[in-house]
Peer 1: 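Encoded as structure tokens, here's the structure I'll be asking about.
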Amino acid sequence: MSSIFEEKNMSATIIKLGVPAMLSQLATLIYNLADTYFVSLTKSAEQIAAVTLCVPVLLIIMSIACVFGMGGGSVTARQLGEGNKGYSAKCMNFCIYSIAAAGVLVLCFGLLALTPLAYVIGADGGNLAYTRDYLKWILAGAPFVMLANGFPHILRSIGMIKESTIGIVLGNAVNIVLDWIFIVLFHMGTAGAALATSIGFLCSTIYYCVCLVYEEKRGNELIALSPRQFRPAKKWFLM
């Protein structure tokens, strides 16, 4: 299977890989800027403070996804470079299911410890309720937040550059539109901002899953989505 990694023009390949990677990093800032901007329209200092306090939690959730997304993507690309397409597909499979499992764990433990977590990140009596509202919906969407941030790295590692970029743009666009609807029209405040963010990541995740299923049905041997392929190889952790 021919891919971007077989191109002779090295500078063009670097740009094709680098621009989507840059967009992936900018996506985090855009999500937060959109939430902060629309929440600021409420003229409530407590709600603005709540969104700001919750940023580290969102970043931590995203960083967990990067353990498997960036790390697994690197291993997948190296396996592909060695011609081990079977191992590359299995590594991608392991990373996807690991991200999903980690997201479910974050969701469960986060919601169980919602109030203590709000206090840990600095919430007080004035903004505690708003902070809890934001955290509740971000944690509820944790599996999708993590998958949407892990998928682009994995897709780029197997040459699906365009798909990874479209998913990032789609999630941001949905988030901005829903921020306006939930906050400006429905007056949901921080809860609306967090819900919009989670739905944006959900849309990205659905798009990525559809792309992978489509590619697998086309016979792309770099993609293995069956749970039966979930079996890590020792060599992945020794590279």
Peer 1: Could you tell me which residues satisfy side-chain hydrogen bond (donor to acceptor under 3.5 Å, both in side chains) with Asn149, sequence neighbours excluded, listed by chain and number?
Peer 2: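 With sequence neighbours excluded, Asn149 shows a side-chain hydrogen bond (donor to acceptor under 3.5 Å, both in side chains) to no residue whatsoever.
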Peer 1: Is there a side-chain contact between Ile138 and Cys54 in this structure, where contact means two heavy atoms from C-beta onward sitting under 4.5 Å apart?
Peer 2: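 No, side chains not in contact.
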Peer 1: Going by atom type alone, with no hydrogens or angles, which donor-acceptor pairs under 3.5 Å involve a side-chain atom of residues 56-72 and a protein atom two or more places apart or on another chain?
Peer 2:
| unit_1 | atom_1 | unit_2 | atom_2 | d |
| --- | --- | --- | --- | --- |
| Ser63 | OG | Leu59 | O | 3.4 |
| Ser63 | OG | Ile60 | O | 2.7 |

Peer 1: Taking all atoms of both residues into account, what is the closest heavy-atom pair of Leu114 and Lys136, and its distance?
Peer 2: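 So the two residues come closest at CD1-N, 3.9 Å.
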Peer 1: Measuring from atom CD of Glu216 to atom CG of Leu225, what distance do you get when rounded to the nearest 0.5 angstrom?
Peer 2: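 Spacing of CD (Glu216) from CG (Leu225) equals 4.0 Å.
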Peer 1: Distance-only, no hydrogens or angles: does the Tyr207 side chain make a donor-acceptor pair with backbone N or O of Gly171 under 3.5 Å?
Peer 2: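 No.
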Peer 1: Quick one: do Val177 and Ile168 end up in the same hydrophobic cluster if we chain Ile, Leu, Val, Met, Phe, Trp and Tyr together by side-chain heavy atoms under 4.5 Å apart?
Peer 2: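 Val177 and Ile168: one cluster.
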Peer 1: Show me the donor-acceptor pairs, under 3.5 Å and distance only, between side chains in residues 181-202 and residues at least two apart or in other chains.
Peer 2:
| unit_1 | atom_1 | unit_2 | atom_2 | d |
| --- | --- | --- | --- | --- |
| Thr190 | OG1 | Tyr130 | O | 3.1 |
| Thr197 | OG1 | Asp35 | OD1 | 3.3 |
| Thr197 | OG1 | Asp35 | OD2 | 2.7 |
| Thr197 | OG1 | Asn175 | OD1 | 3.3 |
| Thr197 | OG1 | Ala193 | O | 3.0 |
| Ser198 | OG | Trp137 | O | 2.8 |
| Ser198 | OG | Ala194 | O | 3.3 |

Peer 1: Is there side-chain contact between Ile166 and Tyr208, with at least one heavy-atom pair below 4.5 Å?
Peer 2: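 Sidechains of Tyr208 and Ile166: no contact.
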Peer 1: Using side-chain contact (heavy atoms from CB on, under 4.5 Å), reason through Tyr214 and Asn220 one step at a time and then give a plain yes or no.
Peer 2: CA-CA 9 Å; Tyr214 174 73; Asn220 191 330; over 6 Å; no
Peer 1: I need the Asn172 CG to Leu26 CG distance, nearest 0.5 Å.
Peer 2: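 Answer rounded to 0.5 Å: 9.0 Å.
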Peer 1: Got a second to check how far Thr52's OG1 is from Gln47's CD, nearest 0.5 Å?
Peer 2: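 That separation rounds to 12.0 Å.
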Peer 1: Looking only at non-hydrogen atoms, find the nearest pair between Met92 and Ala224 and report the distance.
Peer 2: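 Between these two residues, the closest heavy atoms are CE-N, 3.7 Å.
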Peer 1: Please check if the side chain of Ser88 supplies one atom and the backbone of Leu222 the other of a donor-acceptor pair under 3.5 Å.
Peer 2: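 Not at all, since once roles are kept as given, no pair shorter than 3.5 Å links the two residues.
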Peer 1: Got a list of side-chain donor-acceptor pairs under 3.5 Å for residues 100-107, not counting sequence neighbours?
Peer 2:
none

Peer 1: Applying the 4.5 Å side-chain criterion to the ILVMFWY set and letting contacts propagate, would Leu112 and Leu135 be lumped into a single cluster?
Peer 2: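 No; Leu135 is not reachable from Leu112 via cluster members.
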Peer 1: What's the spacing between Glu221 CD and Ile223 CD1 if we round to 0.5 Å?
Peer 2: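 CD1 of Ile223 is found 10.5 Å from CD of Glu221.
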Peer 1: Quick one: closest heavy-atom pair of Thr76 and Cys91, and the distance?
Peer 2: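 Shortest heavy-atom contact: OG1-SG, 3.4 Å.
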Peer 1: Considering only distance and modelled atom types, tabulate donor-acceptor pairs under 3.5 Å from the side chains of residues 117-129, sequence neighbours left out.
Peer 2:
| unit_1 | atom_1 | unit_2 | atom_2 | d |
| --- | --- | --- | --- | --- |
| Asp124 | OD1 | Gly126 | N | 3.1 |
| Asp124 | OD1 | Asn127 | N | 3.4 |
| Asn127 | OD1 | Asp124 | N | 3.0 |

Peer 1: Name all residues meeting the side-chain contact (heavy atoms from CB on, under 4.5 Å) criterion together with Asn32; count only those two or more places apart in sequence or in a different chain, and write none if there are none.
Peer 2: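 Applying side-chain contact (heavy atoms from CB on, under 4.5 Å) to Asn32 gives Thr36, Val51, Val55.
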Peer 1: Is there a donor-acceptor contact under 3.5 Å from the side chain of Glu163 to the main chain of Leu155?
Peer 2: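 No; judged by distance alone, with no hydrogens or angles, the pair does not exist.
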Peer 1: Measuring from Tyr37:OH to Ile48:CD1, what's the distance to the nearest 0.5 Å?
Peer 2: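 Answer rounded to 0.5 Å: 12.0 Å.
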Peer 1: Can Val169 be reached from Ile161 by stepping across I, L, V, M, F, W or Y side chains whose heavy atoms are under 4.5 Å apart?
Peer 2: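 Different hydrophobic clusters.
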Peer 1: Does some side-chain heavy atom of Phe151 sit less than 4.5 Å from a side-chain heavy atom of Ser204?
Peer 2: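 They are not in side-chain contact.
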